[in-house]
Amino acid sequence: MYKNLYTLSNKYKNYKIVVYGVNRTSVNLFTDLALNHSIDVYAFFDMDNRFIGESFVNRPIINISQLKELSHSILIISEINEKQDLQKSIGQDVDILYKDEILDLNEELSKEKIYLYGIGGNGGKIYDILQNKGIAIEGVCVTALGRIEEWCGKTVLPVKQIKQENNCAIIVASDIESNIKEMLDQLNYYNMDKYIFYFMSKNVISNMNFFKLLILHYIKEKFMVI
């Protein structure tokens with residue numbers, strides 16, 4: 001089973017997630033949150049009061065008064081938005097955050113025996129986060145052995161030597177789309193949880209037409225396939 005590597009931080013589990021804007025940028029952000037991080041968005045925020053009372057991607061559109069009345073809510077903005085400017089306009093009583101500020105490693109990792117697939121920059125970053133959380137890894141692997149025989153105290157194995165055991169999972173430690181595909185191909189016959197950075201890259205999301213994005217959301221919510 002494929003799983004999201006980064007999901008909503010436990011710190012924000014009980015918060016209502018509101019996406020800033022009612023436009024293509026906000027739909028892209030909504031898609032990223034839903035598909036790549038399994039985050040349920042509560043509403044969209046309309047700063048200009050143009051669509052209040054309507055719904056967008058089956059979510060209510062709310063104004064600033066309604067936003068401030070929501071208990072335990074946070075406003076998520078796109079990377080293209082300037083947080084300081086919005087904070088001044090909306091007020092200090094609303095928590096405004098970028099997507100990356102609400103994410104953390106999937107907490108389900110703590111229940112599994114973890115193999116780290118990839119020992120590059122992302123592998124090192126993920127390893128450090130796991131160490132800080134007290135989550136040990138069973139081993140590390142690569143597609144083909146090179147000069148590095150040992151990494152962070154673990155013998156580097158070719159991925160084909162990874163044993164399939166109960167509660168065994170593997171983290172695909174790459175955020176490059178082509179690499180993820182190649183690595184998943186190597187794991188095609190492995191019956192274990194596979195944690196990946198994303199199901200759909202930002203570039204793909206940005207280049208999809210609006211109609212296709214709506215269909216993706218419908219399929220996810222209707223059939224729970226992702």
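Side chains are part of it too, since the values below use all heavy atoms of this structure and drop only hydrogens, waters and symmetry mates.
Under the 4.5 Å side-chain contact rule for hydrophobic residues, Leu70 and Ile102 do not share a cluster. Cluster membership for Met183 and Ile148, using ILVMFWY side-chain heavy atoms within less than 4.5 angstrom, is shared. A single hydrophobic cluster is not seen to contain both Tyr15 and Tyr42; linkage of ILVMFWY side chains at heavy-atom distances under 4.5 Å, directly or through other members, places them apart. Ile96 and Ile39 fall into different hydrophobic clusters, where Ile, Leu, Val, Met, Phe, Trp and Tyr are joined by side-chain heavy atoms under 4.5 Å apart, directly or via other members. A single hydrophobic cluster is not seen to contain both Ile17 and Leu86; linkage of ILVMFWY side chains at heavy-atom distances under 4.5 Å, directly or through other members, places them apart.
If you chain together ILVMFWY residues whose side-chain heavy atoms come under 4.5 Å of each other, Ile80 ends up in a group of its own.
Pairs engaging residues 86-131 under the ring pair (Phe, Tyr, Trp, His ring centres under 6.0 Å) rule: Tyr127-Trp151 [sequence neighbours left out].
Using a 4.5 Å heavy-atom threshold, the side chains of Ser71 and Lys16 count as touching. Taking the side chain as every heavy atom from C-beta outward, Asp32 and Leu35 never approach each other to under 4.5 Å. Contact of the Ile126 side chain with the Phe197 side chain is registered, since non-hydrogen atoms from C-beta on lie closer than 4.5 Å. Counting only heavy atoms from C-beta outward, the side chains of Tyr195 and Val172 never approach each other to under 4.5 Å. Using a 4.5 Å heavy-atom threshold, the side chains of Ile52 and Asn49 count as touching. With a 4.5 Å cut-off on side-chain heavy atoms, Asn36 and Ile196 do not count as touching. The shortest distance between side-chain heavy atoms of Val94 and Leu67 falls below 4.5 Å. Using a 4.5 Å heavy-atom threshold, the side chains of Ile114 and Ile171 count as touching.
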Just do the side-chain contact (heavy atoms from CB on, under 4.5 Å) check on Ser89 and Met47 with the steps written out, would you? CA-CA 9 Å; Ser89 300; Met47 187 78 167; 3.4 Å; yes
Could you walk me through whether Leu75 and Leu97 satisfy the side-chain contact (heavy atoms from CB on, under 4.5 Å) test, starting with their C-alpha distance in whole Å, then the side-chain angles of each, then the deciding distance to 0.1 Å, before giving a yes or no? CA-CA 6 Å; Leu75 184 63; Leu97 299 171; over 6 Å; no
Leu157 and Val140: CA distance, side-chain angles, deciding distance, side-chain contact (heavy atoms from CB on, under 4.5 Å) verdict: CA-CA 6 Å; Leu157 300 172; Val140 296; over 6 Å; no
After noting the C-alpha distance and the side-chain angles of Gln87 and Glu82, does the key distance pass the side-chain contact (heavy atoms from CB on, under 4.5 Å) rule? CA-CA 9 Å; Gln87 198 77 71; Glu82 179 54 55; over 6 Å; no
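A salt bridge links Asp40 and Arg59; the closest N-O separation between the charged side-chain nitrogens and carboxylate oxygens is under 4.0 Å. Glu101 and Lys83 are joined by a salt bridge, as a carboxylate oxygen and a charged side-chain nitrogen come within less than 4.0 angstrom of each other. Taking 4.0 Å as the cut-off between side-chain N and carboxylate O, Lys11 and Asp104 do not count as a salt-bridged pair.
Aromatic ring centroids of Phe44 and Phe30 lie under 6.0 Å apart. Ring centroid separation for the pair His37 and Tyr6 does not come in under the 6.0 Å cut-off. Outside the 6.0 Å centre-distance limit, the rings of Phe51 and Phe56 are not counted as a close aromatic pair.
Within a 6.0 Å sphere centred on CD of Glu149, heavy atoms belonging to other residues, nucleotides or ligands number 12 at most. Within a 6.0 Å radius of CG in Asn14, other residues, nucleotides and ligands contribute 12 heavy atoms or fewer. Atom CD of Gln84 is surrounded by 12 or fewer heavy atoms from other residues, nucleotides or ligands within 6.0 Å.
Taking both residues in full, the closest heavy atoms of Gln164 and Asn191 are given as OE1-N, 2.6 Å, listed atom of the first, atom of the second, then distance. Scanning both residues, Met192 and Ala169, for their nearest heavy atoms gives SD-C, 4.1 Å. Smallest separation of non-hydrogen atoms from Cys141 and Pro158: CB-C, 4.3 Å. In plain terms, the two heavy atoms of Lys154 and Glu138 that are nearest each other are NZ-O, 3.8 Å. The two residues Cys168 and Lys163 make their nearest non-hydrogen contact at SG-O, 3.7 Å. Between Ile76 and Leu33 the shortest heavy-atom distance is CG2-CD1, 4.5 Å.
With hydrogens and angles ignored, the 3.5 Å screen pairs a side-chain donor or acceptor of Asn63 with a backbone N or O of Gln66. Between the Lys194 side chain and the Tyr190 main chain, a donor and an acceptor come within less than 3.5 Å of each other. Proximity of a side-chain donor or acceptor of Asn23 to a complementary backbone N or O of Thr25 within less than 3.5 Å is detected. For the pair Tyr198 (side chain) and Glu177 (backbone), a donor-acceptor distance under 3.5 Å is present. In this structure, the side chain of Asn188 does not engage the main chain of Asp185 through any donor-acceptor pair within 3.5 Å. At distances below 3.5 Å, at least one donor-acceptor pair connects side-chain atoms of Lys68 with backbone N or O atoms of Ile90. Using a distance-only test at 3.5 Å, with no hydrogens or angles considered, a donor-acceptor pair links the side chain of Asn106 to the main chain of Asn4. Side chain of Lys160 to main chain of Gln186: a donor-acceptor pair is present (N/O by atom type, distance under 3.5 Å, no hydrogens or angles).
Atom CD1 in Ile77 sits 10.0 Å away from atom CD in Glu79 (nearest 0.5 Å). Note that the CD1 atom of Ile176 and the CD atom of Glu182 stand 10.0 Å from one another [nearest 0.5 Å]. For the atom pair CD1 of Ile64 and CG of Asp46, the computed distance is 11.0 Å after rounding to the nearest 0.5 Å. To the nearest 0.5 Å, atom OG of residue Ser73 and atom CZ of residue Phe45 are 10.5 Å apart. Ser9 OG to Leu103 CG: the interatomic distance, rounded to the nearest 0.5 Å, is 8.5 Å. Atom CG of Asp193 sits about 4.0 Å away from atom NZ of Lys3, to the nearest 0.5 Å.
For the side chain to side chain contact (heavy atoms under 4.5 Å, CB included) with Val41, the lone residue among Thr31, Val19, Val18 that qualifies is Val19.
Side-chain atoms of Ser174 and Asn122 form no donor-acceptor pair, as typed in the model, at a separation below 3.5 Å.
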